[in-house]
Amino acid sequence: MPATVIVGAQWGDEGKGKIVDLLAQHSDIVCRYQGGPNAGHTIVADGETYKFRHMPSGILWGKECVLGAGCVVDPQVFIEELDDLEARGLSTERVRLSTNAHLIMPWHLALDQAGERRLGKLQIGTTRRGIGPAYGDKAARLGIRVQDLFDPKILRQKIEVALAEKNHWLERVYGAAPIDLEDVSARYEGYAQRLRPYIADTSLLVDRALREGRFVLFEGAQGTLLDLDHGTYPFVTSSSPIAGAAATGVGIGPNRIDAVLGVAKAYLTRVGEGPFPTEIDGPDQERVRELGGEYGTVTGRERRCGWLDLVGLRYAARLNGFTSLALTKLDVLSPFPEIPVCVRYRLPDGSETAEFPAHQGDFHHAAPVYEILPGWGEPLDGMDDVALLPEPARRYVEFVERELDVEVSLIGTGAAREHILSQRGLEAIARP
Ligand code: IMP
């Protein structure tokens with residue numbers, strides 16, 4: 001049962017796409033199990049930059065790529081991605097989209113935008129890609145699924161039923177423009193033709209592959225602290241990015257998963273609103289942002305930057321059951337003579353805890369307790385072996401391992417594929 005889940009250990013943007021891309025070369029299938037075009041994976045390969053929103057990062061190796069039932073799909077974005085890949089000479093023949101995945105409809109985008117505007121200062125800071133409204137309709141059993149695209153009568157009927165309610169909300173509640181039935185029906189019928197070759201029973205496909213002993217990677221989008229159940233609610237996404245969701249999102253048994261690789265940056269970022277105990281106060285925040293290129297792939301927003309938070313990471317290790325960790329972008333910390341790492345939170349009652357607070361009030365008011373680690377004061381560029389890392393950089397990594405009791409199996413030292421150092425070989429990680 002050679003299945004590995006790759007999951008974001010923080011608030012997303014940990015560099016998962018690059019790790020998936022690296023491990024995909026030793027795998028047979030790469031699956032997305034949740035989320036939608038709110039994700040933005042950037043991969044630099046052979047001097048070319050690729051930005052994916054729906055597509056599993058394994059596509060660059062020509063692997064079978066699956067979007068499972070737990071995903072929400074914006075067909076326009078997905079088709080643009082397919083077209084772009086083909087225009088760049090990459091085959092999309094092995095892409096498979098679950099018939100059960102839900103569609104992001106134009107009213108989901110309109111309602112996400114209008115809802116955020118209305119919340120004003122209380123807004124979540126979503127990517128405004130329709131994610132919350134699409135998952136909301138799915139839970140309310142009002143969603144439209146990929147398979148509905150292929151029955152024009154059903155499709156039109158579902159759009160008509162949905163619009164009767166959604167236009168009411170758009171016009172009367174938000175004062176926004178209504179959506180036209182004919183226009184949406186025609187557009188989505190058109191998408192059906194383009195998407196037909198990619199549709200599959202992806203649960204069956206992945207289960208069979210696992211039974212045949214093929215190697216499957218499950219690629220999480222967003223990150224643990226954005227999880228709908230366990231994240232920093234309500235400042236979360238509307239799906240479950242944690243490792244257990246790989247089983248439900250694709251449709252396989254949880255006992256089929258062998259390994260869970262967490263991906264964390266050597267520091268921390270967050271986009272959107274919500275509490276962030278280790279957010280840096282002062283010019284070092286801007287410095288980290290510039291050095292790390294911390295601007296959103298999907299929205300271009302500045303990411304908020306902070307020091308590594310081991311309380312949050314310990315929580316992520318618990319929720320996901322990491323078998324090992326990839327620590328990315330260590331190079332960004334190179335210029336800092338001293339590097340604070342948060343080891344505990346001080347709570348409003350004066351007590352200190354190493355565990356993530358279960359109550360939001362405690363988390364909102366938690367103050368970080370830092371241990372200051374020495375920096376290494378030299379760039380890490382071109383280092384292609386863990387043994388070559390400066391002593392303080394190695395100690396930084398070992399400190400994380402000790403605190404979390406999780407092995408750091410991969411270390412990121414730059415943007416390119418070759419700037420990931422492996423402690424025990426990529427193949428051993430991809431093929432547990
Ligand atoms: P939504 O997923 O667009 O509804 O946004 C909800 C929250 O999740 C916001 O704070 C977003 O900034 C955040 N978010 C969603 N997708 C990502 C991602 O891929 N990386 C980082 N943050 C994300």
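Counting convention: from 1, in listed order, for ligands and their atoms alike.
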Quiz item: Parallel under 30°, tilted from 30 to 60°, perpendicular over 60°: which one fits the rings of Tyr396 and Trp376?
Solution: perpendicular
Quick check on ligand 1: any N or O pairs to the protein under 3.5 Å? One line per pair.
unit_1, atom_1, unit_2, atom_2, d
ligand 1, 2 (O), Asn38, ND2, 2.9
ligand 1, 2 (O), Thr237, OG1, 2.6
ligand 1, 3 (O), Thr127, N, 2.9
ligand 1, 3 (O), Thr127, OG1, 2.6
ligand 1, 10 (O), Val271, O, 3.2
ligand 1, 12 (O), Gly125, O, 3.3
ligand 1, 12 (O), Val271, O, 3.1
ligand 1, 12 (O), Arg301, NH2, 3.1
ligand 1, 16 (N), Asn38, O, 3.4
ligand 1, 16 (N), Gln222, NE2, 3.3
ligand 1, 19 (O), Asn38, O, 3.3
ligand 1, 20 (N), Asp13, OD1, 3.0
ligand 1, 20 (N), Asp13, OD2, 3.4

Quiz item: Can you check whether Glu64 reaches Leu205 side chain to side chain, under 4.5 Å on heavy atoms?
Solution: yes
Self-check item: Side-chain H-bond candidate by donor/acceptor type, Glu290 with Tyr295, under 3.5 Å
Solution: yes
Quiz item: Can a cation-pi geometry be assigned to Arg88 and Tyr50, taking NZ or CZ under 6.0 Å from the six-membered ring centre and within 45° of the ring axis?
Solution: yes
Exercise. Determine whether the side chains of Tyr198 and Thr92 contain a donor N or O and an acceptor N or O closer than 3.5 Å.
Key: yes
Exercise. Answer whether the closest heavy-atom distance between the side chains of Trp307 and Asp284 falls below 4.5 Å.
Key: yes
